[in-house]
Amino acid sequence: MINAKRILVTSALPYANGPLHIGHLAGAYLSADIYVRFQRMMGKDIAFICGSDENGAAITIKAIKGNTTPQKIVDQYHEEFKVAFKGIGISFDYYHRTSDPLHHETSQEFFRKLYADGKFEERTTEQYYDAKAEQFLADRYIKGTCPKCDYDSAYGDQCENCGSTLSPTDLINPISTLTGETPVRKKTTHWYLPLNEDEEWLRDWIENGVLDGQQHHLPKSWKNHVIGQCKSWLDGGLQPRAMTRDLDWGVDVPQEIDGSEGKKLYVWMDAPIGYISATKAWAKENGKDWRDYWQDEETALLHFIGKDNIVFHCIIFPSILKAHGDYILPTNVPANQFMNLEGDKISTSRNWAIWVNDYLKDLPGREDELRYFMIKTMPEQKDSEFTWSGYQDAINNELVNNLANYVNRVVVLTNKYYEGVVPQFDENQEIFGPIGEDEFAFHDSELLRLYDDLNDVADSIRAYEFRAALTKLMDISTKGNQILQFNEPWKTIKDDEEKVKAVMNLSLQYVAAIACATHPFLPTASEKLCQLLNLPLIAEDGDFVTMMDKLAMGEHLIEAGHKINSASHLFSRIDDETIATQKAKLVPAVQEVENESPIKENIIFDDFVKIDFRTAKVVEAEKVPKADKLLKLKLDLGFEQRTVVSGIAEHYSPEEVVGREVTLVANLAPRKIRGVESQGMILMAESSNGKLSFVAPDKGWDSGMIVR
RNA sequence: GGCGUGGUAGCUCAGCUGGUUAGAGCGCAGCAUUCAUAAUGCUGAGGUCGAGUGUUCAAGUCACUCUCACGCUACCA
């Protein structure tokens, strides 16, 4: 679908449990915004849709921790997101939210259709239900007596004493670990989408771009890592996926369906359908028919996402859409990789991020500067890195010295020589082009060069190569500088006024072209440029086409006789102090001691004394084969030696741990892990960013001592 | 461990289906220039294209092995 009649663009729905940072922008929003603004300027019928993803368990948990309600959490972030997106200039046509009734209806309707068409595999199982907690219990939240060995604290999925694999309903005297209540058996039904049946057509669609026997898109236009990721999943074999969950915050499974009570749509049936509900909301307010955008073969659907979302958008959501039958599938999923920050991964929990709203507050009026550097370092093909000094260099050297200074030169000279009026000139006047003195050029031949260069920018945008497009755009500014440099109007004005007129007129055409072409990337700068030239602002209504048509016809973008305004600076430098302040705000991992996991329920002393903690010394250590995280340790308790498997290999090498003193839970029932029997468990403290530390006695203590 | 993507000048990155002396921007050195926010233009130095083996008349570009980074996945009672 190269020449689609209309385009629907979606950006990943941000999850409403944390503020927006630059990593989000780099992944799914900036690239989409450039693409959309450009296509509007190409006169395309295009809709740009997004919204807050507000359902799911993580939000409930956050609400409990913060002693508030899920609704308050999502309201807060929904507002923050809107401010951030607006501030940085992401031009959504509609920003919706999945807590909206329209979304609930839409996703339920979708579910109903799949249900009625028999697309689901219904699996009813009997599960334990905790009446006090009012929820179904996951296997590991149930304990009871093992039917095989009479061990009295077997988990719902496995007895650690005898190692047998269990199902919760096998347990004798089951108890809920949440409340201590005896759970009741209750039937629960979930609906699964048999993705395994979709493998064949998915493969054809992804690898060959063929859907229902027709060429749907060119697989070459998809990014390597996107196709690679999908193939990896297909090769691994797809499994049926549950489309519902026993949750308490989200979209209800339609009530008329048997067994729907307490069930919510799982994220697969919820978030991506948010794109559809957002489109409906937009269409309703703008007199459009949303079906044109989702159900017409002549529409190109594009999902802009980060790489963590590839499988979701390339396999699961398409399967859901195809199962419904009325919907089109994405033409492309231009996923970006990740952006790192100053040498480290961006992390919300570690506060290692640049928050969009903080940036807007700290550096007001510099939205385009952030956009510029983010586009320049956009992780299109591989992970990339944001550094404040890189940001400073790029702004000062490229935006100020090259672009803004070029514009300033042209405007100042025009005002100086012609009182701000675009000069009339002789078309036969020879001038120097950007190549220099080796080649004579004319005004009209240079406009054709400009046309070609603008076309190159456009081609890159169409191919989702935004950094390349930005480079090509900046090259136009460089060529403008070259034209001035080679023709030296400040010298020539003394003996060849006619030549200066041609050069200055051409330069003004360049600036007018830049005013238009920067718009998708740097909308605010584009606006300032238009004001500077006293031209109408970009309306995102076919402006690019108009410009290209004029150039192709040999017409001018800014007419002789037109009066421009006096000079003012387009961008200003960023000083070292500003950068130092921002760098200082990045404080690595000084985590407020927040209770990530609440204190568990009280136990009585008798429970505590059941656990036999002992000191021990590591005498041997080796990696467990075929497992990244596991070390097999031999521990000396003084009176005996034991083998223990521990998940610490990512933090400690075998050499480092030999000789360490540790604390061991000595009477934990043995369990086989990766084929090795582990006789106990080593105590480790875990920080909130996943780092591990031994919990051990002071150096030089004997092994086998009792700990209490 | 399995799978995927990447590892190219000091830094940030381009290099499509293998084909002459491997490219850009920044930084660095020199020259020119002053209209401009000490901006601009020109020239130059800088790379055994992660390591190794192979296929080929020819490999950064293909195959295999290894290695490192990141992601997904398994194992972390």
For this session: Indicate, with a heavy-atom threshold strictly under 4.0 Å, whether A:N405 touches base, sugar-phosphate, or nothing.
Result: base
Exercise. Among side-chain atoms of A:R467 and A:Q381, is any donor-acceptor pair under 3.5 angstrom?
Worked result: no
Exercise. So what's B:G18 paired with, Watson-Crick or G-U wobble, going by both distances under 3.5 Å?
Worked result: none
Exercise. Contact class for A:Y406 vs. all strands (heavy atom < 4.0 Å): base, sugar-phosphate, or nothing?
Worked result: nothing
For this session: Answer with yes or no whether the side chains of A:S566 and A:N415 bring together a donor and an acceptor at under 3.5 Å.
Result: no
For this session: Would you indicate what A:F486 reaches in the nucleic acid, counting non-hydrogen atoms under 4.0 angstrom: base, sugar-phosphate, or nothing?
Result: sugar-phosphate
Problem set entry | Closest nucleotide among B:C13, B:U40, B:U37 to the A:N408 side chain | B:U37
Problem set entry | Nearest-Å distance once atom P is located in both B:G10 and B:G50 | 13 Å
Exercise. Taking only N and O in the side chain of A:K382, is any of them less than 4.0 Å away from OP1 or OP2 of B:A14?
Worked result: yes
Exercise. Across the strands shown, which category fits A:T478 at heavy-atom distances under 4.0 angstrom: base, sugar-phosphate, nothing?
Worked result: sugar-phosphate
Exercise. Looking across every strand, which nucleic acid part, if any, lies under 4.0 Å from A:K345 by heavy atom: base, sugar-phosphate, or nothing?
Worked result: sugar-phosphate
Exercise. For A:V412, which contact category applies under a 4.0 Å heavy-atom criterion: base, sugar-phosphate, or nothing?
Worked result: sugar-phosphate
Exercise. Roughly how far, to the nearest 0.5 Å, is the NE2 atom of A:H24 from the CD1 atom of A:I346?
Worked result: 8.5 Å
Problem set entry | 5' priority, RNA chain B, between A:V226 and A:H569 [closest heavy atom] | A:V226
For this session: Please check the phosphate of B:G25 (OP1 and OP2 only) for any side-chain N or O of A:N397 closer than 4.0 Å.
Result: no
Seminar exercise, completed: Closest of B:U5, B:A77, B:A32 to the A:Q485 side chain is B:A32
Seminar exercise, completed: Ranking B:G71, B:A77, B:U33 by distance to the side chain of A:M681, first place goes to B:A77
Exercise. Looking only at side-chain N and O atoms, does A:Q482 come under 4.0 Å of OP1 or OP2 in B:C42?
Worked result: yes
Problem set entry | Who pairs with B:G44 - Watson-Crick or G-U, where each distance is under 3.5 Å | B:C28
Problem set entry | Any-strand Watson-Crick or G-U partner of B:G1, both distances under 3.5 Å | B:U73
Exercise. Using a cut-off of 4.0 Å on non-hydrogen atoms, how would the nucleic acid contact of A:S646 be classed: base, sugar-phosphate, or nothing?
Worked result: sugar-phosphate
For this session: Ignoring the backbone of A:E488, work out which of B:C70, B:U37, B:U33 is nearest its side chain.
Result: B:U33
Exercise. Does A:N224 make a side-chain N or O approach to OP1 or OP2 of B:G4 shorter than 4.0 Å?
Worked result: no
Exercise. Which listed nucleotide (B:A77, B:C13, B:G41) is nearest to the side chain of A:I673?
Worked result: B:A77
Problem set entry | Partner nucleotide of B:A58 by Watson-Crick or wobble geometry (both distances under 3.5 Å) | none
For this session: Answer with base, sugar-phosphate or nothing: what part of the nucleic acid does A:S384 contact at a heavy-atom distance below 4.0 Å?
Result: sugar-phosphate
For this session: For B:G44, decide between syn and anti, treating a glycosidic angle within 90° of 0 as syn.
Result: anti
Exercise. Reckon A:I310 touches a base, only the sugar-phosphate, or nothing at all at heavy-atom distances under 4.0 Å?
Worked result: nothing
Problem set entry | Distance-only polar pair, side chains of A:Y372 and A:E398, donor-acceptor under 3.5 Å | yes
Exercise. Do NZ/NE/NH1/NH2 and the carboxylate oxygens of A:R462 and A:D459 come within less than 4.0 Å?
Worked result: yes
For this session: Counting Watson-Crick and G-U wobble pairs only, both distances under 3.5 Å, name the nucleotide matched with B:U65, or none.
Result: B:A51
Problem set entry | Spacing of the P atoms in B:A29 and B:A45 (rounded, Å) | 16 Å
Exercise. Does a side-chain N-to-carboxylate-O contact under 4.0 Å join A:D452 and A:R449?
Worked result: no
For this session: Choose from B:U37, B:C76, B:C35 the nucleotide whose nearest atom is closest to any side-chain atom of A:K629.
Result: B:C76
Exercise. With a 4.0 Å cut-off on heavy atoms, is A:K223 in touch with a base, just the backbone sugar-phosphate, or nothing at all?
Worked result: nothing
Exercise. Do A:R573 and A:N401 have side-chain N/O donor and acceptor atoms under 3.5 Å apart?
Worked result: yes
Exercise. Taking the side chain of A:H225 as heavy atoms from C-beta outward, which of B:U5, B:G71, B:C35 is closest to it?
Worked result: B:U5
